[in-house]
Amino acid sequence: MILKFNTNENPFSLVAHVQKAAIKGLKEINRYSELKYLYEFKTLLGNYNNVPSDNIVVNHGSDLLLREFINIFSKDRKIITVNPSFFPISKYALQQARKLTKIQLSPPDFKFNHHLLLNELNEPSLIVIDNPNNPTGKILADDNLVEKILQNENTLLLIDEAYYEFSGQTFAAMIKKYPNLAITRTMDKAFSLAGLRLGYLLIGDFFKDHFSDFPAFLSKPTLFAATEALKNPVYMTANVNKIMSEKTRLGNELAQIGIQVFQGSANFILIKSNLPDFGKRLMDAEILIKDLSDEWIEGFYRISMGLPEENNALLSIITKICADD
Amino acid sequence: MNTMKKVGLIVNPIAGMGGSVGLKGTDGDAYKKTIELGAKPTTPQRIEDTLALIKRDDLSFFVAPGKMGEVYLKKFNFKYEVVSKIDEETNADDTKKIIREMLKDGIDLLIFVGGDGTARDVYDVLGLSTPVLGIPSGVKMFSPVFALSTYAAAEIINNLNEEVVEKEVLDIDEEAFREGKLGAKLYGYLNVPKNSNFLQSKKETSKLSKAEKISKEEIAQYIIEKIENDQLYILGPGTTLKTIAEKMGVGKTLLGIDAVFNRELVGTDLNENGLMELIVKYDNIKIIVTPIGGNGFIFGRASKQFTPKILNLIGKDNIIVVATEDKISRLECLRVDTGDAKTDTIFKGHVKVITGCKSETIIEVK
């Protein structure tokens, strides 16, 4: 059986009560979702994030929302982002943006120099950052930086908080104060709903008009499952705690066998290994990790957490690879 | 219709022998010393491992004779023809001679087994004319033209397509080495099959970036639009700078430093003295450089003609750095190592690198 550590999924399967809700949706799948269920879900999301439900946009997958957002709001602006990160900055967005400026995060500390970013805000800009950053797991923004950015009226800020439930850090409280702030979230990861794809945007008032007619029809299984998950989120918190605890254990054990580990604040760890064919050798052992050298620096790999026994299997294979070399 | 792929295969039978006896290679006279020290060939196992894993039956080999290829290939069931003849003792001239003969047969790909020295010999004959795949067997392997392993080489061959990317041919900087420093020097560029998973430095495929060539064209276009009259532009080495020069309408040396003024070449393959003469003659000067892929050096490696004296006279504010997005996103940082700590300090900090007509990356220079 192939063990997957490459896509930042939640290793814990869905709890029975949420599964039951999804199945209920499946049984009614010949009918469109009714708006009352969508409103109920958005109210729950509003409570969960302490943001008015009018300032929330939902859809299947936060990737789609990110893409839509960047496409709309890059027009005549400079897009500022960091590298590495994996935002869907489409050709369309690049064509209509004035410029794309990337700020490189460099190992070993991946420090994000806030001054470099603030110095760039001399023209209408759209800043897109992930917090924590994928793949470094590094927290990039703090309240001070976000406030300074948002005080520029000509600047729009989009923060991807896909890993909020793991990092515990969010800027959602600033949505009410700053119309130029938007945040993307997902229920795919912490809530174990990756297969249903549930993403949402928390938007400041500036963006509301643009999303007023945005189609928000979720499939019934998704809508029912996500609603139930938010009504009873205890399982999510318990799983997040287990994942973070496994992450610490796996990171420590990998470090002990000589792998360079960057723990970060998300549900994955970043590692560096100069062993030849490292990713390939794991793949031969039916273990998939994310080889980042396709798009970034050679030798870096991202590993998401599996179940404890799966993490043990990963450790055992990596130990063997290290010993063979 | 003949759909067989014509593949040249040449092996440097002595590559890698120096490593076991503590030498830095087997180039030139070093080979004799490796023999005296009792070194054993490492190449046979390497090439045979790769050949054993090739699953294609549409390859037609043009192989170098004897221990330069034939003895390994004949153990397998590939279709092949032997090219040229060799003596008992082989050298770099044999490599070059045989590759030239293979070219007459019109090979689609050259597989070579060796190290950086062999890559340089291959570059001397092929340049960018024919794609190559290096199977690592040398002591020195700075050049990202090599597959990551023998296994990886087979995978690349099994999944060949028409797409190629340029890779640097790097070798030990002998001058620096004599001064006790270990560094790589740029010798040229070879085309290798596009295969992001296995080639060393893995710079090819990216969801983020455009094809390398288009990216370089875009950078060149941007520079052309920004060019000012009565300004001297000193262009460093590399294909990105060559593309810029071509857009300016001038011919540029690939590895040298050239100078352009009002779209006319006013200096070619310049050394420190040549650069000094231009600095005296012209008031407004800018240097355009691109970092070396993999290690990120902008000064102090491939373009030592930019001495501390030259750089200090021109000044940090007059340096323009360009690089494809693909190259820059794979660098940890940019680097300077001019040999003068004060100069290095001046050039450290963050710089904006032009990566396209509308894109830039801010990166630290260390």
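Numbers restart at 1 for each chain; the letters A, B, ... are given by sequence-line order, proteins then strands. Just so we're clear, the structure is a prediction, and the values are computed from it rather than from any experiment. Scope of the values below: all heavy atoms of this structure, side chains included, with no hydrogens, waters or symmetry mates.
To the nearest 0.5 angstrom, Thr361(B) atom OG1 is 7.0 Å from Leu100(A) atom CG. Taking CD1 of Ile362(B) as the reference point, atom CD of Glu120(A) lies at 4.0 Å (rounded to 0.5 Å). Atoms CG and CG, from Asn83(A) and Leu331(B) in turn, are 10.0 Å apart once rounded to the nearest 0.5 Å.
A side-chain donor from one of Glu360(B) and Thr101(A) sits under 3.5 Å from a side-chain acceptor of the other.
Residue Asn119(A) does not touch chain B at all, counting heavy-atom pairs closer than 4.5 Å.
Between Gln96(A) and Lys358(B) the shortest heavy-atom distance is N-NZ, 4.3 Å. Contact between Lys366(B) and Ser106(A) at its shortest, heavy atoms only, is NZ-CB, 4.5 Å.
When atom types are taken as modelled, the side chain of Ser329(B) and the backbone of Trp296(A) share no donor-acceptor pair closer than 3.5 angstrom. Distance alone, capped at 3.5 Å, places no donor-acceptor pair between the Arg330(B) side chain and the Glu298(A) backbone.
Contact tally against chain B (heavy-atom pairs below 4.5 Å) for Gln104(A), Lys78(A), Arg98(A): the top residue is Gln104(A). For the set Pro84(A), Gly279(A), Ala97(A), the entry with the most heavy-atom pairs within less than 4.5 Å of chain B is Ala97(A).
By the 4.5 Å heavy-atom criterion applied to side chains, Asn113(A) and Glu364(B) are not counted as neighbours.
Crowding of Lys148(A) atom NZ: a count of heavy atoms from other residues, nucleotides or ligands under 6.0 Å not exceeding 12.
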